[in-house]
Amino acid sequence: MTPSIPASPATVLRLDQLSRRRAGRPAVQNLSLALQSGQVLGLLGVNGAGKSTTLSMIAGALRPDSGSIQLSGEDFLEHPELARQLIGWLPERAPLWAELSVNEHLDAHGRLRGLNGAALRLARCAIIERLELQPLARRLAGVLSQGQRQRLGLACALLHRPALLVLDEPANALDPVQAAALRALIREQSATGTAVILSTHLLTEVTAVCDRVAILHEGTLRHDGPIHSDDHAALERTFFEIAMHGTCVPARAA
Amino acid sequence: MSGAFVNTLAVARLEWRRLVVRPLAWVLAALTLAWLAWNFTLLLGGFLAGQIQRAALPGGPGFTDLVAVPLLGQLAQLAFLVVPLLTMSAIAGDRRNGTLPLLFAAGVPASHIVLGRYLAVLGWLLLWLVLTLAMPLALASATSLDWGKLAAAALGLTLMLAALAAVGVASSTFASHPAIAAAAALIIALALWGVNLGAQMAGINGGAINWLAMSTHLQPLLRGLVSTTDLLWFVLLVGLALALATRRLGSDRERG
């Protein structure tokens with residue numbers, strides 16, 4: 001299992017000039033950014049800005065057309081197997097196998113990530129307890145509510161204690177209590193050294209948990225900088241300026 | 001254990017679990033085994049009724065020729081329907097419900113996904129074959145079985161099921177919907193079986209067109225004749241189908 005607490009903040013992820021075309025148009029263009037362990041990056045942008053494409057490439061589900069991705073200092077495109085232990089990914093709408101139970105999902109994800117036997121059982125029990133999935137453990141994924149599906153997807157992403165957690169609109173379909181629990185979980189992951197990328201439409205979500213924000217517009221990075229919990233108004237102003245006028249605020253170095 | 005083996009095993013276990021919790025596999029197993037058991041009793045009844053006449057023919061057909069091999073022949077016919085139904089969701093189902101990227105994101109290469117899925121389906125099909133073989137084998141102590149002929153026929157059926165499963169998984173990899181995958185697998189399997197029908201009707205019994213047909217390679221095995229050419233044909237078909245499936249799945253990751 002990948003140790004989650006590094007000795008000092010290290011660069012977990014580095015994107016360099018990442019580009020990808022989708023449906024005949026550039027979805028992401030020359031995207032460069034870096035993420036340190038323990039950092040929580042909020043990825044903002046209007047629909048079609050390239051957030052999900054970016055996250056899919058980072059998660060290893062989609063190959064970029066050009067550019068490079070470095071994961072803990074290694075070339076991720078050369079070694080896609082790095083995803084197995086280093087990355088936990090919750091895609092939008094948490095895709096699940098309807099005919100498998102919650103326990104079976106966690107077992108399947110654990111095995112795909114190289115966990116087996118006692119280690120898998122321990123990891124499964126821990127994540128079920130942490131995400132309060134005990135009452136659902138034997139229930140089939142096909143009968144779960146959208147919020148429960150989202151929690152199961154999150155459990156699958158966290159099961160193997162990844163160094164990088166990639167969350168694509170994780171608060172979708174969560175009620176306010178569950179959304180608050182998610183925020184607490186992200187902070188907890190960050191405190192143990194896990195780097196988190198969080199794509200969301202909710203600016204409040206970003207100001208509540210992120211310590212950095214990146215704004216994408218038409219596939220390009222228009223803003224990248226630190227954020228504080230009392231920066232909500234400034235973030236809102238920047239976001240709307242970029243979303244409405246595509247104004248390019250000079251990006252700060254990561 | 002090597003990473004490749006662990007990956008393939010994890011995918012195979014996942015697919016196996018999905019197969020056994022879905023009603024489709026159980027319904028197919030129950031219906032086909034009931035049909036085969038009924039036919040077994042009919043074949044056995046015919047064999048017993050003709051026993052006295054055959055006693056006068058030394059070296060005439062025995063239990064293996066009249067009961068065991070025809071039963072396996074019926075399983076081969078059923079396989080044309082059963083295998084496409086079992087394999088249709090192998091990849092197309094994942095593509096449809098969006099779970100395919102989860103496998104890519106777990107760092108599992110396309111070849112391991114294809115192989116894992118294939119092995120799970122093949123496991124189910126071999127269990128199906130073993131349960132069918134158990135019917136004639138249950139009478140092994142009461143009759144004289146031609147073990148060599150039965151082993152050759154079982155090998156032929158194993159290779160046929162392996163080839164059909166590979167074609168089914170490949171079809172599922174290319175199709176966007178499981179039903180299309182099932183239809184494509186059925187059409188390809190039937191085409192492979194009967195590609196030489198026209199040639200045979202014209203009285204041509206050799207040549208490339210006959211070599212291409214699955215029937216040309218299965219029938220000698222069912223008669224107890226094992227040749228390297230026939231084995232190679234099945235191995236080539238399995239290899240080609242799985243290679244095409246891997247290539248298609250790999251391009252899925254490229255194209256998104």
Checklist entry - Hey, mind stepping through B/Arg95 and B/Asp252 against salt bridge (charged side-chain N to carboxylate O under 4.0 Å, His left out) and telling me if it holds? => result CA-CA 9 Å; B/Arg95 185 179 287 122; B/Asp252 257 20; 2.9 Å; yes

Next on the checklist: side-chain contact (heavy atoms from CB on, under 4.5 Å), that's the test. Do A/His109 and B/Leu102 meet it? Break it down for me.
Outcome noted: CA-CA 9 Å; A/His109 275 269; B/Leu102 290 180; 4.1 Å; yes

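- For A/Leu96, the part lying near chain B is the backbone, with the side chain staying farther off; criterion is any non-hydrogen pair under 4.5 Å.
- For the options A/Ser56, A/Gly60, A/Pro80, heavy-atom pairs under 4.5 Å to chain B are most numerous at A/Gly60.
- Contact count versus chain A (heavy atoms, under 4.5 Å) is highest, among B/Pro109, B/Gly93, B/Gly107, for B/Gly107.
- Ring pair B/Trp193/B/Phe80 is perpendicular by interplanar angle, where above 60° counts as perpendicular and below 30° as parallel.
- Interface residue B/Leu103: only side-chain heavy atoms are found under 4.5 Å from chain A.
- In terms of non-hydrogen atom pairs under 4.5 Å with chain B, the most contact-rich of A/Arg21, A/Glu104, A/Glu81 is A/Glu104.
- The environment of A/Arg14 atom CZ is sparse: at most 12 non-hydrogen atoms of other residues, nucleotides or ligands sit within 6.0 angstrom.
- With a 4.5 angstrom heavy-atom cutoff, B/Arg18 touches chain A via backbone and side-chain atoms both.
- The choice from B/Pro101, B/Ala105, B/Gly116 that makes the most heavy-atom pairs within less than 4.5 Å of chain A is B/Ala105.
- Exactly one residue among B/Val6, B/Thr8, B/Asn7 makes a side chain to side chain contact (heavy atoms under 4.5 Å, CB included) with B/Val108. That residue is B/Asn7.
- For chain B, no part of A/His79 is nearby; none of its heavy atoms comes within less than 4.5 Å.
- A salt bridge is absent between A/Arg151 and A/Glu132; no separation between the charged side-chain nitrogens and carboxylate oxygens falls under 4.0 Å.
- Of the listed residues (B/Thr173, B/Asp94, B/Thr87), just one forms a side-chain hydrogen bond (donor to acceptor under 3.5 Å, both in side chains) with B/Arg117, and that residue is B/Asp94.
- For A/Leu112, the parts lying under 4.5 angstrom from a heavy atom of chain B are both the backbone and the side chain.
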